[in-house]
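Accompanying notes for the structure given below.
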Amino acid sequence: MYKIEKIGEFHFYLKVLGTFPPSVAERFIEDFNEKTNQLEKFSVIIDGLDFILLNLKSFEIILDFLKKNNERLVRSSYIVADNPVLNTEIQFLLDRAESPKRKLVNNFDEAKEWIGIEKIVIKKDQ
């Protein structure tokens with residue numbers, strides 16, 4: 001499961017929850033492209049603090065998506081829980097995406113600093 005929220009002119013916040021099976025990965029890509037297709041550039045904070053694991057097929061889907069967005073991406077930061085296996089998976093994904101614009105960070109302050117946004121207001125689900 002995931003939630004995408006616009007938090008600035010071209011800044012987005014993505015909350016990832018639980019597992020990320022291929023069907024969810026594909027739906028996420030459609031939703032994200034719909035929100036960003038009119039933008040020449042974008043930055044995103046990926047909040048993976050409640051993320052459990054990445055399915056191998058989902059990994060391939062997301063990697064392909066990341067590579068396609070290297071040109072429009074300004075910066076993205078990935079916050080992952082204190083989970084060594086998941087941290088290794090995400091770092092491997094970022095390395096394979098071949099872009100120095102993506103960074104694994106430890107907390108929201110580092111995430112905000114990396115993408116260049118000072119204040120984030122996240123809407124509560126109702």
Side-chain angles (χ1 to χ4, degrees):
M1 180 171 220
Y2 62 89
K3 175 184 172 182
I4 304 169
E5 190 171 326
K6 190 168 185 178
I7 58 172
E9 183 180 345
F10 60 90
H11 298 88
F12 292 86
Y13 169 79
L14 168 64
K15 176 71 173 175
V16 182
L17 304 163
T19 61
F20 215 69
S23 61
V24 173
E26 289 169 353
R27 188 172 58 241
F28 157 71
I29 290 168
E30 289 174 20
D31 291 347
F32 193 81
N33 282 336
E34 186 177 300
K35 292 181 183 296
T36 63
N37 66 358
Q38 299 298 319
L39 299 175
E40 290 181 29
K41 61 182 180 176
F42 64 86
S43 289
V44 62
I45 292 175
I46 297 87
D47 177 352
L49 293 174
D50 296 319
F51 191 38
I52 297 172
L53 81 119
L54 190 58
N55 174 296
L56 183 58
K57 179 66 177 163
S58 297
F59 182 93
E60 293 168 358
I61 292 168
I62 298 297
L63 179 59
D64 184 53
F65 169 72
L66 293 177
K67 286 182 176 182
K68 288 179 182 175
N69 281 303
N70 277 343
E71 213 169 286
R72 291 191 314 140
L73 179 69
V74 175
R75 286 193 171 177
S76 62
S77 54
Y78 295 74
I79 310 166
V80 182
D82 189 19
N83 178 338
V85 173
L86 186 57
N87 284 343
T88 301
E89 276 186 335
I90 298 300
Q91 188 60 58
F92 184 70
L93 180 69
L94 299 181
D95 292 345
R96 296 281 309 266
E98 301 171 351
S99 173
K101 301 174 188 178
R102 295 183 172 90
K103 183 176 183 180
L104 189 60
V105 298
N106 295 313
N107 55 52
F108 278 102
D109 288 335
E110 287 181 27
K112 292 187 308 186
E113 183 178 331
W114 178 251
I115 71 162
I117 194 167
E118 289 184 24
K119 185 176 180 181
I120 297 176
V121 178
I122 299 170
K123 298 175 185 169
K124 264 186 149 176
D125 288 335
Q126 305 205 354

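Scope of the values below: all heavy atoms of this structure, side chains included, with no hydrogens, waters or symmetry mates. One is the number of the first residue; the rest follow in order along the sequence.
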Can you list everything that forms a salt bridge (Lys or Arg N to Asp or Glu O under 4.0 Å) with Lys15? Sequence neighbours excluded, please.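 Partners of Lys15 under the salt bridge (Lys or Arg N to Asp or Glu O under 4.0 Å) test: Asp47, Asp50.
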
Do [X] and [Y] have side chains that approach each other closer than 4.5 Å (heavy atoms only, starting at C-beta)?
X: Leu39; Y: Phe12; result: yes
X: Phe42; Y: Leu73; result: yes
X: Tyr2; Y: Arg27; result: yes

Apply side chain to side chain contact (heavy atoms under 4.5 Å, CB included) to Glu113 and list each qualifying residue two or more places apart in sequence or on a separate chain. none

Residues in side chain to side chain contact (heavy atoms under 4.5 Å, CB included) contact with Lys68, at least two apart in sequence or another chain: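 Once residues adjacent in sequence are excluded, the partners of Lys68 under the side chain to side chain contact (heavy atoms under 4.5 Å, CB included) criterion are Asp64.
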
Determine whether a donor-acceptor pair (N or O, by modelled atom type, separation under 3.5 Å) exists between the side chain of Ser99 and the backbone of Lys101.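 Checked: pair present.
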
Is Lys6 reaching over with its side chain to a backbone N or O of Glu9, donor-acceptor style, under 3.5 angstrom?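 Such a contact is found between Lys6 side chain and Glu9 backbone.
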
Within the supplied structure, the quantity of interest is the number of heavy atoms (other residues, nucleotides, ligands) at a distance under 6.0 Å from Arg72 CZ; does it exceed 12?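 Counting other residues, nucleotides and ligands, CZ of Arg72 exceeds 12 neighbours.
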
Counting only heavy atoms not in Lys67, do more than 12 sit closer than 6.0 Å to its NZ atom?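 Yes, the 6.0 Å shell around NZ holds more than 12 heavy atoms from other groups.
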
Using the six-membered ring wherever Trp is involved, compare the ring planes of Phe32 and Phe65 and label them parallel, tilted or perpendicular (cut-offs 30° and 60°).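 Judged by the thresholds at 30° and 60°, the geometry between Phe32 and Phe65 is perpendicular.
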
Between Gln91 and Asn87, is a side-chain hydrogen bond (donor to acceptor under 3.5 Å, both in side chains) present by the stated rule, with each step listed? CA-CA 6 Å; Gln91 188 60 58; Asn87 284 343; over 6 Å; no

